Amino acid sequence: MQPGPRDLPHQCLIKRNKKTSTFYLYLAHTPSFMDKGKFLLAARRYRHSAHTEYIISLNADELSQGSNAYVGKLSSDFLGTNFTIFDSQPPHSGAKPSSCRASRRFASKQISPQVPAGNFEVGQVSYKFNLLKSRGPRRMVCSLKCPVLQETINDKNLDNSKMNGLESASSGCTVLRNKAPRWHEHLQCWCLNFHGRVTVASVKNFQLAATMDQSQPGGRGDEDTVLQFGKVGDDTFTMDYRLPLSAFQAFAICLTSFGTKLACE
């Protein structure tokens with residue numbers, strides 16, 4: 001749940017099991033895509049009549065909200081274009097659980113003083129509608145509560161260009177936007193530079209940057225990428241993240257990329 005490093009990102013792998021709708025996150029020990037590394041988190045997708053939920057757990061065998069290993073969940077709307085990230089623990093002292101039905105952990109009242117009955121909203125992920133109805137890159141925006149940013153505002157190691165790029169940093173909340181890919185005439189496809197960490201073309205692939213305007217100084221370089229996700233096999237994906245994101249937040253954002261989004265592509 002702690003934020004990733006400031007400079008070099010943590011390199012992770014996500015393994016998908018389509019039959020069980022389960023996803024497993026591993027911290028890679030080596031750059032090899034074949035090395036699973038250390039298990040971190042697991043998630044399972046549950047489909048409901050009006051929305052989809054991903055239950056995220058510290059235990060790959062206990063994927064329910066009633067488990068002690070439960071750390072949070074991801075909930076989508078009917079179209080699968082808007083997602084809410086819920087944490088089982090309050091993001092700061094005095095935080096109150098969300099009151100909406102999707103945020104509740106249990107149908108009944110709190111079952112134990114040690115197990116909170118609610119969830120705390122810590123982020124939103126939205127995919128923009130494709131008005132032309134043509135196949136093209138997805139556009140996404142993430143709004144996250146990252147209290148750690150408030151502590152880094154006065155850090156002298158952060159230059160002015162990066163500080164100007166962090167939206168609402170002083171309030172402990174930041175907005176991440178996907179980097180726009182470029183059209184490659186020779187390959188006839190949209191391309192991003194993943195520096196060898198993504199090997200299979202997919203609409204799911206993305207890079208998120210903590211800058212609002214990439215035309216500004218400091219807004220173009222790879223140093224501004226705080227999360228990149230992409231396909232390297234049929235059911236294997238890379239996930240590289242750094243400050244201000246935690247493994248839980250990065251994993252939840254990547255989970256939003258799975259599934260068809262008819263309004264966006």
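Since we're looking at a predicted model, the values are computed, not measured.
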Counting distance only, does the side-chain N/O of Gln89 pair as donor-acceptor with the main-chain N or O of Phe120 below 3.5 Å?
no
Heavy-atom side-chain contact between Ile253 and Ile85 under 4.5 Å
yes
Let me see the working for Asn119 and Tyr70 under side-chain hydrogen bond (donor to acceptor under 3.5 Å, both in side chains), right down to the final yes or no.
CA-CA 11 Å; Asn119 286 286; Tyr70 170 78; 2.6 Å; yes
Aromatic ring centroids of Phe258 and Phe23 under 6.0 Å?
yes
Measuring only between side-chain heavy atoms, which start at C-beta, is Thr199 closer than 4.5 Å to Thr238?
no
Pair Arg139, Asn178 - check side chain to side chain contact (heavy atoms under 4.5 Å, CB included), show working.
CA-CA 6 Å; Arg139 294 181 300 151; Asn178 70 298; 4.2 Å; yes
May I have the step-by-step check of side chain to side chain contact (heavy atoms under 4.5 Å, CB included) for Gln249 and Leu227, ending in yes or no?
CA-CA 10 Å; Gln249 291 172 323; Leu227 173 63; over 6 Å; no
Mind checking whether Leu208 and Gln228 have side chains closer than 4.5 Å, heavy atoms only?
no
Listed by chain and number, what are the side chain to side chain donor-acceptor pair (under 3.5 Å) partners of Ser143, not counting sequence neighbours?
none
Can you see whether Phe86 has Lys73 sitting over its ring - NZ or CZ less than 6.0 Å from the centre and within 45° of the normal?
yes
Using the test salt bridge (charged side-chain N to carboxylate O under 4.0 Å, His left out), find all partners of Asp87 that sit at least two apart in sequence or belong to another chain.
none
Are any non-hydrogen side-chain atoms of Gln2 and Ser246 less than 4.5 angstrom apart?
no
Suppose we screen for side chain to side chain donor-acceptor pair (under 3.5 Å). Which residues come up paired with Ser57, at least two apart in sequence or across chains?
none
Can you sort out the partners of Thr30 under side chain to side chain contact (heavy atoms under 4.5 Å, CB included), two or more places apart, ordered by chain and number?
Ser32, Asp35
If the condition is side chain to side chain donor-acceptor pair (under 3.5 Å), which residues does Ser126 pass it with, not counting sequence neighbours?
Asn82
The test is side chain to side chain contact (heavy atoms under 4.5 Å, CB included); show your working for His29 and Lys38 and say whether it passes.
CA-CA 7 Å; His29 295 314; Lys38 179 182 179 181; 4.0 Å; yes
Classify the angle between the aromatic ring planes of Phe237 and Phe229 as parallel (below 30°), tilted (30 to 60°) or perpendicular (above 60°).
parallel
Arg44 meets the salt bridge (charged side-chain N to carboxylate O under 4.0 Å, His left out) criterion, sequence neighbours left out, with none
Between Ser88 (side chain) and Val71 (backbone), is there a donor-acceptor pair under 3.5 Å?
yes
With a 4.5 Å cut-off on side-chain heavy-atom distances among I, L, V, M, F, W and Y, is there a chain of contacts connecting Val198 to Leu192?
yes
With Arg45 via salt bridge (charged side-chain N to carboxylate O under 4.0 Å, His left out) - residues at least two apart:
none
Residues which pass side chain to side chain donor-acceptor pair (under 3.5 Å) with Gln124, listed by chain and number, not counting sequence neighbours:
Thr84, Glu121
Within the structure provided, determine whether Val122 and Leu144 are in side-chain contact (heavy-atom separation under 4.5 Å).
no
Could you walk me through whether Cys254 and Ile14 pass the side chain to side chain contact (heavy atoms under 4.5 Å, CB included) test, one step at a time?
CA-CA 9 Å; Cys254 291; Ile14 295 177; 3.9 Å; yes
By salt bridge (charged side-chain N to carboxylate O under 4.0 Å, His left out), which residues pair with Asp77, not counting sequence neighbours?
none
Considering only residues two or more places apart or on different chains, which pairs with a residue in residues 196-206 satisfy salt bridge (Lys or Arg N to Asp or Glu O under 4.0 Å)?
Arg197-Asp240
For a 4.5 angstrom cut-off between non-hydrogen side-chain atoms, does Ser67 reach Gln65?
no
Cluster partners of Val232, using ILVMFWY side-chain heavy atoms under 4.5 angstrom, listed by chain and number?
Leu13, Phe33
Would you check if Phe206 and Ser257 make a side-chain contact, meaning some heavy-atom pair closer than 4.5 Å?
yes
With His10 as reference, evaluate Tyr26, Tyr241, Phe251 under the ring-ring contact (aromatic ring centres under 6.0 Å, His included) test and give the passing residue.
Tyr241
Contacts satisfying salt bridge (Lys or Arg N to Asp or Glu O under 4.0 Å) that involve residues 230-239 (not counting sequence neighbours) are Arg16-Asp235
